[in-house]
Amino acid sequence: MKGSDIVFHLAANSDIIKSAKDTRIDLEQGTIATYNVLEAMRGNGVKKIVFTSSNVVYGEAKKLPIPEDYGPLFPISMYGASKLACEALISAFCHNFGFKAWIYRFANVIGSRVTHGVMLDFYRKLLRDSRELEVLGDGKQSKPYILVDDIVDGMLFGMAHSSEDVNYFNLGTEGMTLVSRIADDVIRAAGLRGVKVRFTGGVRGWPGDVARVSLDMGKLTALGWRPRCGSSDEAMREGVRAIVAELGKSLGPVKGKTI
Ligand SMILES: NC(=O)c1ccc[n+]([C@@H]2O[C@H](COP(=O)([O-])OP(=O)(O)OC[C@H]3O[C@@H](n4cnc5c(N)ncnc54)[C@H](O)[C@@H]3O)[C@@H](O)[C@H]2O)c1
């Protein structure tokens with residue numbers, strides 16, 4: 001780390017369903033890992049950090065779309081609690097040790113080389129059984145999606161156009177996309193027809209799932225940034241096409257009734 005100008009800290013636990021059951025996962029792989037990164041930076045004289053936070057720090061916000069100055073922040077998941085704790089630690093290091101930080105509260109990220117998330121989950125389920133697709137919750141969960149290329153672009157743009165000690169931004173798209181719509185689009189992109197979509201029920205997909213989220217993108221927009229795919233539905237459509245084509249090659253095509 002010595003001699004580096006900046007640390008991009010992206011490491012985290014991504015299995016939020018597992019961490020709802022094992023309460024140490026996000027504490028260790030999120031909060032303590034971030035503290036260790038900050039301490040290593042302090043020890044090596046590195047003073048700039050970019051941190052990938054999440055919209056889940058807002059919890060079940062009473063205002064949609066949610067602006068960055070929304071409060072109080074009461075996350076409802078272990079993952080969200082850890083992201084908020086990381087933001088707090090970063091702020092304290094900035095104020096005590098002259099660090100500068102760029103914190104990005106991401107929407108749901110989609111696109112090439114996906115490692116987890118709703119689309120991969122749907123595709124894997126269809127590979128196992130292409131007659132029926134299980135969707136966690138009632139299908140009405142609505143969230144914003146953003147393409148990974150736009151995430152990278154937005155992070156670099158925010159860094160180039162802000163210079164407070166602690167800079168923090170929502171990083172997403174306008175609007176939100178229904179999970180039942182993602183199911184339909186994945187089925188169509190996989191070339192299937194006649195798939196029965198079965199909802200497990202309940203407003204949340206899992207404990208700690210925030211069922212409705214939309215992000216106010218005014219802060220980055222005011223600086224002049226626009227994502228290439230500006231609406232959540234548009235980003236999701238493009239993401240589904242890219243992911244399903246890629247998974248078809250790596251995991252194999254889904255066999256079943258085809259369109
Ligand atoms: N993907 C999303 O929708 C989304 C949304 C909001 C925030 N984020 C945040 O963005 C960041 C990147 O997310 P992603 O989707 O690419 O996740 P990912 O799981 O694909 O990547 C995270 C990586 O961190 C690594 N990691 C975890 N703990 C580590 C440790 N102690 N030391 C070294 N490596 C470690 C994991 O092995 C993994 O490769 C994460 O901080 C995540 O919380 C992602």
Side-chain angles (χ1 to χ4, degrees), residues 1 7-20 22 24-41 49-59 61 66 68 73 75-90 101-122 124 136 141-156 158-159 168-173 176-177 179 182 205-206 208-210 213-215 217 220 227 229 232 235-236 238-240 242-243 246-247 250:
M1 188 181 276
V7 169
F8 284 76
H9 172 31
L10 282 82
N13 160 57
S14 302
D15 193 341
I16 48 180
I17 299 182
K18 198 166 149 199
S19 72
D22 180 349
R24 292 197 72 82
I25 293 178
D26 287 304
L27 178 69
E28 285 168 357
Q29 295 176 29
T31 314
I32 295 172
T34 298
Y35 168 77
N36 290 338
V37 169
L38 291 164
E39 271 295 85
M41 288 173 63
I49 181 166
V50 174
F51 178 65
T52 51
S53 187
S54 166
N55 66 84
V56 295
V57 296
Y58 295 116
I66 314 167
E68 286 88 346
L73 298 183
I76 64 164
S77 62
M78 296 299 158
Y79 172 76
S82 169
K83 286 292 186 194
L84 187 55
C86 295
E87 290 192 10
L89 279 170
I90 290 168
W102 288 266
I103 294 169
Y104 294 97
R105 295 172 178 163
F106 284 2
N108 296 282
V109 187
I110 50 173
S112 191
R113 288 188 280 162
V114 66
T115 58
H116 58 95
V118 62
M119 293 175 202
L120 181 60
D121 183 41
F122 286 168
R124 282 193 175 133
L136 302 178
Q141 302 100 298
S142 304
K143 304 173 188 187
Y145 291 83
I146 180 167
L147 289 172
V148 65
D149 323 51
D150 279 334
I151 276 280
V152 173
D153 189 59
M155 285 168 75
L156 297 176
M159 286 172 63
Y168 56 102
F169 298 100
N170 288 338
L171 186 43
T173 48
M176 40 189 172
T177 302
V179 73
I182 301 174
W206 53 89
D209 181 27
V210 182
V213 186
S214 95
L215 293 175
M217 286 303 302
L220 266 182
C229 277
S232 175
M236 199 273 297
E238 192 163 321
V240 166
I243 290 171
E246 211 170 88
L247 293 176
S250 59

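Start at 1 and go down the list; that is how both ligands and their atoms are numbered. Please read all numbers here as calculations on a predicted model, not as lab measurements.
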Practice task
Check the angle between the aromatic planes of Phe169 and Tyr104 and answer parallel, tilted or perpendicular using the 30° and 60° thresholds.
Solution key: parallel

Exercise for the section: Quick one, list the residues around ligand 1 where some non-hydrogen atom comes in under 4.0 Å, by chain and residue number. Expected result: Leu10, Ala11, Ala12, Ser14, Thr52, Ser53, Ser54, Tyr79, Lys83, Phe106, Ala107, Asn108, Val109, Thr115, His116

Practice task
Determine yes or no for a side-chain-to-main-chain donor-acceptor pair under 3.5 angstrom, with Asp26 supplying the side chain and Ala81 the backbone.
Solution key: no

Exercise for the section: Spell out, as yes or no, whether a donor-acceptor pair under 3.5 Å connects the side chain of Gln141 to the backbone of Leu136. Expected result: yes

Practice task
Spell out, as yes or no, whether a donor-acceptor pair under 3.5 Å connects the side chain of Ser82 to the backbone of Leu27.
Solution key: no

Practice task
Output yes when a side-chain donor or acceptor of Ser232 lies under 3.5 Å from a complementary backbone atom of Thr173, and no otherwise.
Solution key: no

Problem - Whether over 12 other heavy atoms sit under 6.0 Å from Tyr168 OH - result: no

